[in-house]
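Atoms considered below: every heavy atom in the structure, side chains included; atoms not considered: hydrogens, waters and symmetry mates. Residue numbers count from 1 along this sequence. The structure presented is a predicted model; accordingly, all values stated were derived computationally and were not measured.
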Amino acid sequence: QLKVESSKINSLEERTRELQTLYEKEKCHNEQNNLELDSCGVSLKKAKTHRESLEKQLKVLVKENKHFQRRLATEMREKMNLRASLHLERESRNKATQARIDLLAEYLKENELKNQGNELHRNKFP
């Protein structure tokens, strides 16, 4: 899911760059139109409307990009916290398992000593 969100963010960033480039080109184009087509108000109005439309699209994409970046950061923090919890849980289980192993080893050692004592007792008093 993080890869999908990251991919979306990358896609939005790429689209944002494209729109920014397009906006700059449109801006230059509009400036040329202003110089060349001073008498033609209709073309200038269309260019201005188009530029404003591109600016609105850019603002929307920037807002979406920020939203996805915040969401990705939140999910990454949650994942990091889950990993830390999992690590602590594993450590705790490993300690408990080691304690049981140590207890069993001690029990086996005591049984072995008892068996040896019983064997000595049987050998002394057949």
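Taking every heavy atom of both residues into account, Leu12 and Glu64 meet most closely at CD2-OE1, 3.5 Å. Across all non-hydrogen atoms, the minimal contact from Gln20 to Leu58 is CG-CD1, 3.7 Å.
In terms of the salt bridge (charged side-chain N to carboxylate O under 4.0 Å, His left out) criterion, Arg70 has no residue partners (sequence neighbours excluded). Residues passing the salt bridge (charged side-chain N to carboxylate O under 4.0 Å, His left out) test with Glu78, sequence neighbours excluded: none. Considering only residues two or more places apart in sequence or on other chains, Glu112 meets the salt bridge (charged side-chain N to carboxylate O under 4.0 Å, His left out) condition with none of them.
You'll find the side chain of Glu13 reaches within 4.5 Å of the side chain of Asn65, heavy atoms only. At least one side-chain heavy atom of Leu72 sits under 4.5 Å from a side-chain heavy atom of Met76. Contact check for Asn10 versus Ser6: side-chain heavy atoms found under the 4.5 Å cut-off.
When each of Leu103, Leu104, Thr97 is paired with Ile101, the side-chain contact (heavy atoms from CB on, under 4.5 Å) condition holds for Thr97 and for no other.
In this structure, Phe68 CZ and Lys8 NZ are separated by 5.0 Å, a value rounded to the nearest 0.5 Å. For the atom pair Asn111 CG and Asn118 CG, the distance stands at 10.0 Å (nearest 0.5 Å). Lys48 NZ to Ser53 OG: the interatomic distance, rounded to the nearest 0.5 Å, is 14.0 Å. Here the straight-line distance linking atom CD1 of Ile9 with atom NE2 of His67 works out to 9.0 Å at 0.5 Å rounding. In this structure, Leu19 CG and Leu54 CG are separated by 6.5 Å, a value rounded to the nearest 0.5 Å. Note that the OG atom of Ser92 and the CG atom of Leu88 stand 8.5 Å from one another [nearest 0.5 Å].
Pairs passing the salt bridge (charged side-chain N to carboxylate O under 4.0 Å, His left out) check and including a residue from residues 96-109, sequence neighbours excluded, do not occur. Here salt bridge (charged side-chain N to carboxylate O under 4.0 Å, His left out) pairs that include residues 14-26, with residues two or more places apart or in two chains, are Glu14-Arg17, Arg15-Glu18. Applying the salt bridge (charged side-chain N to carboxylate O under 4.0 Å, His left out) definition to pairs two or more places apart or across chains, those involving residues 82-95 are Glu89-Arg93.
A salt bridge is absent between Lys27 and Glu31: the closest approach of a Lys/Arg side-chain nitrogen to an acidic carboxylate oxygen does not fall below 4.0 angstrom. Between Glu75 and Arg71 there is a salt bridge, with a side-chain nitrogen of the basic residue lying less than 4.0 Å from a carboxylate oxygen of the acidic one.
In the hydrophobic clustering of ILVMFWY residues, with side-chain heavy atoms under 4.5 Å counting as a link, Tyr23 and Leu61 come out apart.
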Give the C-alpha distance, both sets of side-chain angles, the deciding distance and a yes or no for salt bridge (Lys or Arg N to Asp or Glu O under 4.0 Å) between Glu55 and Lys59. CA-CA 6 Å; Glu55 287 173 344; Lys59 285 180 183 178; over 6 Å; no
